[in-house]
Amino acid sequence: MLFDLLNNDGGLEELSGLDSAFLYLETPNAPMHIGSLAVLEGSLAFQEFKDLLLSHIHMVKTMRQKLVEVPLSLDRPYWVEDPDFNIDYHLHHTRLPEPGGWKQLRRLTSRIFSQHLDRNRPLWEMVFVEGLDSIPQVPPGSVAVISKIHHAAIDGMSGVDIMGLLFDLTENTRQYPVPEKKDTPPVPDEMELMVRSAVNFAKRPLKLPKILMETAKATLRTGALSRATRTELPTLPFTAPHTPFNDPISADRIWNTALLSLDRIKKLKRIMDCTVNDVILAICAGAIRRYLEEKDALPNKPVVAMVPVSTRGNTDQSGGNQVSSMFLQMGTDIADPIERLLKIQKNARRGKAYQGAIDAKTLIEYSEFVPFGIAGQAARLYSRAQLSKRHNPVFNCVITNVPGPQIPLYLAGKRLLALMGSAPILDGMGLMIPVFSYNGIVSISPTSAPNLMPDLDKFTRYIWESANELESAILTKEAAKPIEKQKEPKVKVADLFAYYQNYVAENPDIKLKGSDIYQFDVLGDKPQHWVFDLKNKPISLSQGESEDAVCKIQMSEPHILSMLSGKMDATTAFMQGKLKIKGDINAAIQFGQVLATLPPPPFLKELNDESPADAEEKVEAQAEVKPAQKAAKEQPKLCKGVTKAGKPCKNKARDESQYCRLHDK
């Protein structure tokens with residue numbers, strides 16, 4: 001029997017230490033689920049939505065798995081497929097009271113977010129809401145879906161993956177294959193769970209030497225980075241000042257959202273040469289500063305935000321949580337919005353540099369050694385004794401930014417108008433600000449408890465006003481600068497298509513995967529249209545438009561050059577809204593394969609490393625790939641020269657006599 005248990009998982013998946021943490025942090029006042037509110041355009045029948053959900057649900061195993069806990073909580077729980085799964089326990093139906101406005105929807109959403117999920121069933125729930133009749137810019141009769149899923153099951157990035165399975169890129173609903181009927185393995189008994197836990201206890205210490213070795217390496221890297229870049233160490237836990245939202249929380253939740261234009265935020269980030277996340281953090285910091293200042297509770301020290309950092313690889317499709325964190329001083333002690341943004345940018349770069357040096361995954365692995373039962377008891381004792389009042393906050397708030405697709409999504413043929421998020425709060429950390437971007441709209445959705453922030457609506461209004469204040473300051477500063485003449489790119493799209501035109505003319509018998517007529521539209525001040533005719537023989541490429549084109553691909557000139565020179569892939573461009581498709585999306589994918597077949601023009605290599613669109617083409621996540629190397633690279637190299645007195649050159653000293661002749665003016 002023991003041998004069979006060790007060689008057969010029986011459909012069991014053990015939770016990681018980090019996933020388990022979200023279970024033992026849960027208390028009666030602190031449900032640990034991630035929530036969302038999706039607003040759909042137009043009416044949709046509840047039964048149609050239920051049928052669609054049933055046809056998709058087998059594609060997301062998390063939605064059919066429930067927890068089984070080890071007796072006496074001696075070890076971490078396991079996920080197992082629920083043999084008694086019934087969607088009626090998870091999907092509910094309601095209607096907003098009249099007049100069916102935002103106020104009624106927000107109250108309903110807050111109430112649902114306050115309620116715990118049943119641990120005896122798969123840890124998710126959806127509420128289908130009808131009667132959205134008087135919400136600005138939402139057609140009367142539209143519907144909404146309020147969702148909850150436990151944080152032990154997903155993080156923000158895997159939540160986006162689940163969203164990708166439920167929503168479609170067009171109005172046509174994808175049809176998934178019907179799953180094969182198979183017997184669900186029985187839920188393991190207590191004896192089997194105890195045996196597995198005993199094996200885990202035996203294996204776990206074997207991991208410790210490797211983790212300690214990685215920690216030692218990280219410590220050396222951190223010290224070397226500090227000396228090489230001469231930067232301060234990152235903000236440490238328990239150094240944050242106390243604020244009104246750092247007290248014990250009540251069981252109820254209060255929630256709201258502010259919707260901002262992503263294009264306006266991107267314009268500010270281009271002017272300030274920072275990231276979208278820097279601008280969003282600065283907007284939140286401005287709102288926090290004003291809110292605390294009005295309550296005469298603004299601390300002299302800057303408020304500290306915990307900013308989650310995904311450790312998920314680009315190809316990682318697993319669920320669960322793969323995140324670490326960065327503590328960021330928010331510059332709330334600075335009144336000027338631009339100076340505050342610059343301070344946040346500096347702090348974020350420093351935090352990312354040390355995040356890369358320390359290796360977040362190594363830190364996460366330490367959670368594997370936390371005893372599950374003891375940790376759960378400790379969390380409940382901490383809450384009952386209100387110990388959060390007796391020490392400095394670990395941090396003041398959480399701001400988590402999850403980038404979503406920048407194209408319209410559809411559910412059962414209904415366009416998704418907006419998607420807004422929610423996440424857990426805890427004793428001593430009563431302000432959570434999830435940020436989500438979708439189709440050109442950024443939702444900033446503060447979540448708190450009414451005993452700490454009863455006027456959360458006012459704080460939400462301050463988010464809008466903080467965004468306007470920052471935008472006004474940056475645009476005023478930009479208007480005062482002399483106008484610089486834009487550099488003409490060395491390579492133009494017209495040259496690119498002319499090259500393909502000649503190549504196709506010289507190779508009329510070339511075999512390409514496509515067999516239709518496709519149109520490529522170059523957007524901009526001087527739009528161009530190119531038609532690829534692969535349907536008629538000989539195949540041809542000509543400038544103009546065609547009514548027979550099965551699809552039209554639309555991009556701006558800088559984005560086309562970035563994509564075809566390898567700086568940005570087509571999938572990223574499409575999801576970010578930089579590549580738009582009109583017509584048959586499958587034909588457009590086929591046309592992309594045609595372009596990939598054609599040999600790249602040799603003159604693409606002449607593109608500048610810093611072309612006019614480079615700043616836009618950098619995906620925000622790429623700034624976190626190798627922050628330590630980037631930070632070190634930005635520092636001036638030490639000079640090896642000597643002064644007239646024969647002493648080492650101090651090329652950063654103010655006294656010019658201490659410079660060597662290499663720095664003579």
Side-chain angles (χ1 to χ4, degrees), residues 33-67 79 81-97 100 104-105 108-109 111-133 135 138-150 153-154 158-182 184 319 408-422 438:
H33 51 252
I34 295 175
S36 68
L37 169 64
V39 178
L40 302 174
E41 183 180 46
S43 61
L44 177 66
F46 171 71
Q47 188 60 45
E48 185 179 357
F49 175 74
K50 181 178 180 180
D51 292 342
L52 181 142
L53 191 60
L54 280 170
S55 68
H56 287 54
I57 203 168
H58 66 281
M59 301 296 294
V60 188
K61 65 178 182 179
T62 302
M63 302 184 77
R64 296 184 64 93
Q65 291 179 319
K66 71 173 186 177
L67 288 173
W79 293 116
E81 187 170 355
D82 184 4
D84 303 315
F85 176 78
N86 185 341
I87 196 171
D88 291 329
Y89 289 129
H90 303 272
L91 179 59
H92 311 289
H93 185 196
T94 190
R95 184 178 184 87
L96 287 182
Q104 289 74 37
L105 181 58
L108 174 64
T109 304
R111 179 169 60 81
I112 291 173
F113 287 162
S114 303
Q115 299 167 354
H116 285 68
L117 292 166
D118 185 351
R119 287 199 185 185
N120 294 314
R121 299 189 177 98
L123 293 176
W124 66 273
E125 181 180 286
M126 290 185 182
V127 180
F128 185 84
V129 184
E130 294 185 286
L132 279 66
D133 296 327
I135 298 178
V138 176
S142 293
V143 299
V145 179
I146 303 171
S147 306
K148 297 189 301 185
I149 186 165
H150 204 284
I154 65 167
S158 57
V160 172
D161 295 337
I162 291 177
M163 185 180 76
L165 288 170
L166 296 177
F167 289 89
D168 297 298
L169 299 177
T170 68
E171 295 181 12
N172 300 320
T173 302
R174 284 172 295 175
Q175 300 299 322
Y176 286 107
V178 178
E180 297 179 4
K181 290 186 178 181
K182 58 181 182 179
T184 303
L409 297 178
Y410 299 85
L411 193 151
K414 307 300 178 182
R415 183 163 66 98
L416 177 64
L417 293 178
L419 186 65
M420 298 144 276
S422 174
Y438 158 71

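Predicted model, so just to flag it, every value in this text is computed and none were measured.
Closest non-hydrogen pair, Ser142 versus Gly42, comes out as OG-N, 2.9 Å. Looking at every heavy atom in both residues, Gly141 comes nearest to Asp133 through N-OD1, 3.1 Å. The two atoms that bring Phe113 and Gly35 nearest to each other are CE2-CA, 3.6 Å, heavy atoms only. Nearest heavy atoms, Ala144 versus Leu105: CB-CD1, 4.4 Å. The minimum heavy-atom distance between Leu123 and Leu117, with the atom names listed, is O-CD1, 3.5 Å. The nearest pair of heavy atoms linking Leu419 to Ala38 is CD1-CB, 3.6 Å.
Rounded to the nearest 0.5 Å, atoms CG (Leu108) and CZ (Arg95) are 13.0 Å apart. One distance of note links OG of Ser147 with CZ of Phe128; it measures 11.5 Å at 0.5 Å rounding. A distance of 11.0 Å separates CE in Met420 from OH in Tyr438, rounded to the nearest 0.5 Å. Interatomic distance, Arg119 CZ to Lys66 NZ, rounded to the nearest 0.5 Å: 14.0 Å. Note that OG1 of Thr109 and CD1 of Ile146 are 3.5 Å apart. Values are rounded to the nearest 0.5 Å. Within the model, atoms NE2 of His92 and CZ of Phe46 stand 9.0 Å from one another, a figure rounded to the nearest 0.5 Å.
With a 4.5 Å cut-off on side-chain heavy atoms, Thr173 and His56 count as touching. Using a 4.5 Å heavy-atom threshold, the side chains of Leu67 and Trp79 count as touching. Using a 4.5 Å cut-off on side-chain heavy atoms (C-beta onward), Leu169 and Leu409 make contact. Residues Glu125 and Ile112 meet the side-chain proximity criterion, which asks for heavy atoms closer than 4.5 Å. In this structure the side chain of Phe49 reaches within 4.5 angstrom of the side chain of Leu91, judged on heavy atoms. Val145 is not listed as a side-chain neighbour of Leu411, based on a closest heavy-atom distance of 4.5 Å or more. Contact check for Phe167 versus Leu40: side-chain heavy atoms found under the 4.5 Å cut-off. Looking only at side-chain heavy atoms (C-beta outward), Glu81 and Lys61 stay at 4.5 Å or farther from each other.
Salt-bridge annotation for Asp84 and Arg121: absent, with no side-chain N of the basic residue lying under 4.0 Å from a carboxylate O of the acidic one.
Under the 3.5 Å distance criterion, the side-chain polar atoms of Lys148 are matched with a main-chain donor or acceptor of Gln115. Put simply, the side chain of His90 gets close to the backbone of Trp124: a donor and an acceptor are under 3.5 Å apart. Remark: the backbone N or O of Gln65 is not paired with any side-chain donor or acceptor of Asp82 at under 3.5 angstrom.
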| said: Working note: Phe85 + Ile57, criterion side-chain contact (heavy atoms from CB on, under 4.5 Å); need CA distance, chi angles, decisive distance, verdict. | reply: CA-CA 11 Å; Phe85 176 78; Ile57 203 168; 3.6 Å; yes

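When each of Lys50, Met126, Met63 is paired with Ile87, the side chain to side chain contact (heavy atoms under 4.5 Å, CB included) condition holds for Lys50 and for no other.
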